[in-house]
Amino acid sequence: VRRFDNSARVPHMGWNQLEPTRPSRLLEGIPAGSHVYFANSYYVPVVPQTSAVCTYSAPFTAVLEQDNVFGVQCHPEFQSKPNRAHPLFAAFIAASVSTRRKKGAPATPAKTVRPPESASALAPAASGDVPRFPFEQVSAMDDAALAAGMRELLRATGRHGASDLHVSTGSRPFIRRHRALAYISEHVLTAEEALRLNTALLSDGQKGIFLKRRDFDYALALNATDRYRVNLMFHKNGAAGAYRMVPPTTRSLADLGYTKHLETIRKMLSYHNGLILVTGPVGSGKTTTLASMVDYLNATREDHIITVEDPIEVVQPAKGCNVTQREVGAHTRSFAAALKGALREDPDVIVIGELRDLETIEMAISASETGHLVIGTMHTSDAATTLNRLLDVFSPAQQAQIRASVAESLRGVVCQRLLPGTQGGLVLACEILVANTAIQNLIREGKSAGLRNTMETGIKEGMCLMD
């Protein structure tokens with residue numbers, strides 16, 4: 001119990017001192033102008049079958065007014081299931097409604113009072129609200145309450161429009177929204193608190209792997225639409241976790257900002273063999289663009305698509321195509337091993353989450369030459385840098401052969417970045433290279449310096465530069 005001005009508190013009264021048949025005893029000694037709130041299931045006694053629904057920190061808030069006339073704001077979870085609440089809850093609510101009616105007051109609360117921050121921290125946040133969580137109370141929560149709180153924190157972060165949530169030892173929890181960082185609490189997490197928060201949603205097997213390897217990547221799925229890409233690790237202070245929000249729906253290429261270049265990209269995707277590269281720095285939306293391309297192929301073709309990801313972020317249900325999604329670690333040893341196996345699995349399209357090493361790049365080029373459409377991503381900033389990175393991983397003795405292979409198999413390169421918009425939010429900036437005859441000759445001859453001039457003269461073919 002706390003006064004509105006936080007200047008006085010009423011001494012704690014144990015639940016065993018209250019009788020469900022006399023809820024008015026709870027009001028004795030509480031001055032007018034105060035409100036009463038009940039904490040989450042860790043503190044509130046409930047019958048066993050209600051433990052699943054007691055995951056909110058404020059089941060109801062009682063607002064005290066003059067002459068002990070008060071109203072009750074009951075959480076919708078308990079309004080819809082009053083028979084499953086603790087008897088004291090039901091009696092308290094019934095008594096409050098009866099008292100108000102005897103006094104001639106309306107049955108609904110006379111005014112809305114927001115509970116203190118500590119009581120409302122785990123309550124579901126409205127769309128757009130800054131995520132809240134009582135980080136200072138982590139040590140007092142049991143594992144079930146902590147897991148429920150983390151789930152709601154992730155959902156609230158997604159509703160707020162943030163792309164990432166960071167929970168790290170020795171720092172305040174923060175989110176990233178529109179490329180900018182914002183703290184969501186002033187509490188500095190201890191090593192024990194950070195470790196409990198970051199392992200609250202892990203299974204016993206996953207927790208064992210994380211503690212052994214000290215690094216762990218996985219895809220967290222709370223339900224069919226709430227998915228997150230999670231990276232856990234240890235640093236000098238303790239455990240830390242980065243949670244990337246995965247959009248619940250796959251946006252079209254036009255919605256992503258490729259309206260002017262839609263026909264160019266669709267033409268690339270119309271080929272039944274060759275290599276398409278989607279590139280950009282970290283956080284530029286490559287995964288989202290890749291998912292949109294797969295969704296377009298899935299809707300317009302009748303093929304077998306195999307994706308290799310680390311981890312699986314966007315789930316692609318079968319439409320016109322049969323989509324087989326594999327995850328590195330859970331379903332295959334590595335990208336290279338999955339690519340080698342894919343050639344025997346009768347695919348038409350192979351999607352590679354990241355071309356990160358020589359073996360994977362070599363297998364991707366070979367697959368694109370053997371009648372498969374291969375789509376992959378790289379961490380490069382423009383088309384020229386992409387081709388240099390792709391080719392320079394090979395030894396000098398292989399350069400001539402690889403340049404000839406890439407010149408024949410390359411269909412196009414899509415480079416992208418996300419930049420701050422003039423009206424807020426982020427907007428897409430892209431660079432597109434289409435592998436025409438001139439581009440193929442430059443690649444074959446190793447004259448990457450001439451790519452920019454050729455792209456400037458290839459605007460009619462759908463090319464464009466980042467600037």
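The structure displayed is predicted, hence computed values, not measured ones. The first residue of the sequence shown is numbered 1, and numbering continues consecutively from there.
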Side-chain atoms of residues 312-320: list all donor-acceptor pairs with protein atoms under 3.5 Å, sequence neighbours left out, distances to 0.1 Å.
from	atom 1	to	atom 2	distance (Å)
Glu313	OE2	Arg229	NH1	2.9
Gln316	NE2	Ala291	O	3.1
Lys319	NZ	Asp295	OD1	2.6

Residues 280-287, side-chain donor-acceptor partners within the protein, below 3.5 Å, at least two apart:
from	atom 1	to	atom 2	distance (Å)
Ser284	OG	Pro281	O	2.7
Lys286	NZ	Gly280	O	3.2
Lys286	NZ	Pro281	O	3.1
Lys286	NZ	His379	ND1	3.4

Atom pairs and distances, side-chain donor-acceptor, residues 236-249, under 3.5 Å, sequence neighbours left out:
from	atom 1	to	atom 2	distance (Å)
Tyr243	OH	Asn198	OD1	2.9
Arg244	NE	Asp164	OD1	3.3
Arg244	NE	Asp164	OD2	2.6
Arg244	NH2	Asp164	OD2	3.3

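Listed for the His166 side chain is no donor-acceptor partner under 3.5 Å among the backbone atoms of Ile175. With Arg266 contributing its side chain and Tyr296 its backbone, the two residues share no donor-acceptor pair below 3.5 Å. At least one donor-acceptor pair closer than 3.5 Å links the side chain of Gln399 to the backbone N or O of Leu391. Between the side chain of Glu431 and the main chain of Leu465, no donor-acceptor pair closer than 3.5 Å is present. Using a distance-only test at 3.5 Å, with no hydrogens or angles considered, no donor-acceptor pair links the side chain of Arg177 to the main chain of Ser163. Listed for the Thr199 side chain is a donor-acceptor partner under 3.5 Å among the backbone atoms of Leu195. Side chain of Arg452 to main chain of Ala449: no donor-acceptor pair is present (N/O by atom type, distance under 3.5 Å, no hydrogens or angles). Judged by distance alone, with hydrogens and angles left aside, the side-chain atoms of His160 form no donor-acceptor pair with the main-chain N or O of Ala156 at under 3.5 Å.
In this structure, the side chains of Val414 and Met268 come closer than 4.5 Å at one or more pairs of heavy atoms. Met455 is not listed as a side-chain neighbour of Asn436, based on a closest heavy-atom distance of 4.5 Å or more. The closest side-chain heavy-atom distance from Leu373 to Asp348 is not below 4.5 Å. Using a 4.5 Å heavy-atom cutoff, the side chains of Thr288 and Leu256 are in contact. Counting heavy atoms from C-beta on, the side chains of Leu277 and Leu355 come closer than 4.5 Å. Side-chain contact between Leu387 and Ile443 is present, with at least one heavy-atom pair separated by less than 4.5 Å. Side-chain contact between Ile439 and Leu433 is present, with at least one heavy-atom pair separated by less than 4.5 Å. In this structure, Ile352 and Met363 have side chains that are not in contact, with every pair of non-hydrogen atoms separated by 4.5 Å or more.
With sequence neighbours excluded, the residues that form a side-chain contact (heavy atoms from CB on, under 4.5 Å) with Ala337 are Thr332, Arg333, Ser334. Listed by chain and number, the residues in a salt bridge (charged side-chain N to carboxylate O under 4.0 Å, His left out) with Asp357 amount to none (sequence neighbours excluded). Residues forming a side-chain contact (heavy atoms from CB on, under 4.5 Å) with Ala384 (at least two apart in sequence, or on another chain): Asp382, Leu451. Scanning for ring-ring contact (aromatic ring centres under 6.0 Å, His included) contacts around Phe394 gives an empty result, with sequence neighbours left out. For the side-chain contact (heavy atoms from CB on, under 4.5 Å) test, residues two or more places apart in sequence or in another chain that qualify with Arg172 are Tyr183, Glu186, Val188. Under the side-chain contact (heavy atoms from CB on, under 4.5 Å) criterion, Ala221 pairs with Arg227, not counting sequence neighbours.
Sorted by first then second residue, the salt bridge (Lys or Arg N to Asp or Glu O under 4.0 Å) pairs that include residues 187-197, not counting sequence neighbours, are Asp143-Arg196. For residues 410-429, every residue pair satisfying the side-chain hydrogen bond (donor to acceptor under 3.5 Å, both in side chains) rule, not counting sequence neighbours, is listed here: Tyr258-Gln416, Asn273-Arg411, Thr289-Gln416. Applying the ring pair (Phe, Tyr, Trp, His ring centres under 6.0 Å) test to every pair with at least one member in residues 200-226, sequence neighbours left out, gives these pairs: Phe210-Phe234, Phe216-Tyr218.
With respect to Glu152 and Arg159, a salt bridge is recorded, a charged nitrogen being found less than 4.0 Å from a carboxylate O. Classification of Arg213 and Asp215 as a salt-bridged pair fails, no side-chain N sitting under 4.0 Å from a carboxylate O.
Of all the heavy atoms in Ser368 and Val374, the pair that sits closest is N-CG2, 3.7 Å. Across His261 and Cys464, no two heavy atoms sit closer than the pair CE1-SG, 3.5 Å. Annotation for Tyr271 and Arg301: closest pair O-NH1, 3.1 Å, computed over non-hydrogen atoms. Considering every non-hydrogen atom in both Ser381 and Cys415, the closest pair reads O-CB, 4.0 Å. Nearest heavy atom pair, residue Thr457 against residue Thr454, reads OG1-O, 2.9 Å. Residues Leu201 and Ala147 come closest through the heavy atom pair CD2-O, 3.6 Å.
Summarising the geometry, atom OG1 belonging to Thr300 is positioned 7.5 Å from atom CG belonging to Leu269; distances are rounded to the nearest 0.5 Å. Note: Arg251 CZ to Ser292 OG = 8.0 Å, rounded to the nearest 0.5 Å. Atom-to-atom distance recorded for Ile361:CD1 and Asp392:CG is 10.0 Å, nearest 0.5 angstrom. Atom OG1 of Thr324 sits about 9.5 Å away from atom CD1 of Ile305, to the nearest 0.5 Å. Expressed to the nearest 0.5 Å, how far CG of Leu262 lies from CG of Leu253 amounts to 6.0 Å. To the nearest 0.5 angstrom, Leu181 atom CG is 4.5 Å from Arg176 atom CZ.
Crowding of Asn223 atom CG: a count of heavy atoms from other residues, nucleotides or ligands under 6.0 Å exceeding 12.
No side-chain N or O of Thr169 forms a donor-acceptor pair with one of His235 less than 3.5 Å apart.
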Let me see the working for Ser252 and Asp255 under side-chain hydrogen bond (donor to acceptor under 3.5 Å, both in side chains), right down to the final yes or no. CA-CA 5 Å; Ser252 67; Asp255 292 338; 3.1 Å; yes
Walk me through it: do Arg326 and Glu345 pass the test salt bridge (Lys or Arg N to Asp or Glu O under 4.0 Å)? CA-CA 12 Å; Arg326 305 188 68 192; Glu345 293 159 6; 3.7 Å; yes
Would Leu297 and Asp303 satisfy side-chain contact (heavy atoms from CB on, under 4.5 Å), going step by step from the backbone distance to the final call? CA-CA 8 Å; Leu297 292 171; Asp303 289 330; over 6 Å; no
Walk me through whether Thr279 and Arg389 qualify under side-chain contact (heavy atoms from CB on, under 4.5 Å). CA-CA 11 Å; Thr279 72; Arg389 178 77 60 82; over 6 Å; no
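Exactly one of Ile184, Leu197, Leu153 qualifies for a side chain to side chain contact (heavy atoms under 4.5 Å, CB included) with Pro173. That residue is Ile184.
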